[in-house]
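Just so you know, these numbers use all the heavy atoms, side chains as well, and skip hydrogens, waters and symmetry mates. Counting begins at 1 with the first residue of the sequence. Every value quoted in this text rests on a predicted model; they were computed, and no experiment measured them.
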Amino acid sequence: MAVGRTVVITGAGMGLGRAVARRLAQDGDTVILLARTLSKVQEAAAEIGGSAMAVACDVGSPDSVRAAFAEIAAKHPRIDVLINNAAVYEPFTVAEATDEQILASLNPNFAGPIFCARAAIPMMERGGHIVNVSSESVALDFPMLSLYQSSKAGLERFTESLKRELLDDGIRVTTFRAGPMMDETKTGSNWDMEVAMRFHQACLKAAIDLRARPISHYNSVAQVLREVVNLPADVHLGVVTVEGWR
């Protein structure tokens, strides 16, 4: 297992991103935490301690990504692992969608990982690894999530193409498809109550009972992701699917 790597994690202010940063730091990796809200990643970096670095970055903005990676390069000119975890998850119907909702789904969920990969690749060497976090919704037909599902499906297709593109450079690229997860402090989403009720009712109509589906813990999924980026040099996992278990 390689240690002492430099790992960039987007969406690291909370949830899975924060749990992954915490877990990899325990192995001796230097973790660089990116999120739109600087205070969130500063809090996470302070909790982790050591050499953890917090950087403000809106992954859906190419200028913000360029600025963030320039800040990273000034201190860490080489990146070993990039984990594209940041995403926006909001249910809505296309007919009712605002411009902001559409762009908020497409930009961070699909364009964001592309912007970050483009910025990271020149800083990576043979043995580097890019992990793009996808969603079970690509394979499970949730209602009111057409933009989220489409952006994640596009991300998976992009991952396959990027893997082929970087093959000769010795940089691995993995799709990490995950199901629902939370931790002991998670009490629910920040969605509008009416929207949440509509979503749950639409899921029931589609024979998806959200209350009956198993939910994994962020820390458990982070442990799996840790194993993915700790692979022996002669193997590769192109697609990893993680789901809750009873």
Assign the ring pair Y89 / W191 to parallel, tilted or perpendicular, where the plane angle (0 to 90°) is split at 30° and 60°. tilted
So how far is it from K152 NZ to L145 CG, rounded to the nearest 0.5 Å? 12.0 Å
Quick check: does any side chain N or O of H76 sit under 3.5 Å from a backbone N or O of R78, one acting as donor and the other as acceptor? no
Please evaluate residues R157 and E160 with respect to the criterion salt bridge (charged side-chain N to carboxylate O under 4.0 Å, His left out), reporting the C-alpha separation (whole Å), side-chain torsions for both, the decisive distance (0.1 Å), and the verdict. CA-CA 5 Å; R157 182 61 261 178; E160 288 299 310; 5.1 Å; no
With rounding to the nearest 0.5 Å, note down the distance linking CD in E243 to CD1 in I215. 13.0 Å
Nearest 0.5 Å, what's the CD-OG1 distance between Q42 and T37? 10.5 Å
Heavy-atom pair of closest approach, residues N219 and A19: OD1-CB, 3.6 Å
Does R126 pair with D169 as a salt bridge, N-O distance under 4.0 Å? no
Gap separating the OG atom of S151 from the CD1 atom of I102, nearest 0.5 angstrom: 12.0 Å
Less than 4.0 angstrom from a charged side-chain N to a carboxylate O is my criterion; do R213 and D209 meet it? no
Is it true that E96 and R198 have a side-chain N and a carboxylate O under 4.0 angstrom from each other? yes
Going from CD1 on I130 to CD1 on I79, what distance comes out if it is rounded to the nearest 0.5 angstrom? 9.0 Å
Closest non-hydrogen contact found for V65 with D58 is CG2-O, 4.0 Å
Taking only Lys NZ, Arg NE, NH1 and NH2, and the carboxylate oxygens of Asp or Glu, determine whether K40 and E43 approach each other closer than 4.0 Å. no
Have R5 and N230 got a donor and an acceptor in their side chains that come within less than 3.5 Å? yes
Sidechain N-carboxylate O distance under 4.0 Å for R18, E47: yes
For the residue pair S134 / E156, report whether a side-chain donor-acceptor contact shorter than 3.5 Å exists. yes
Test side-chain contact (heavy atoms from CB on, under 4.5 Å), reference I83, set L24, T10, N132, output is L24
Between CG of D29 and CD1 of I9, what distance do you get to the nearest 0.5 Å? 8.5 Å
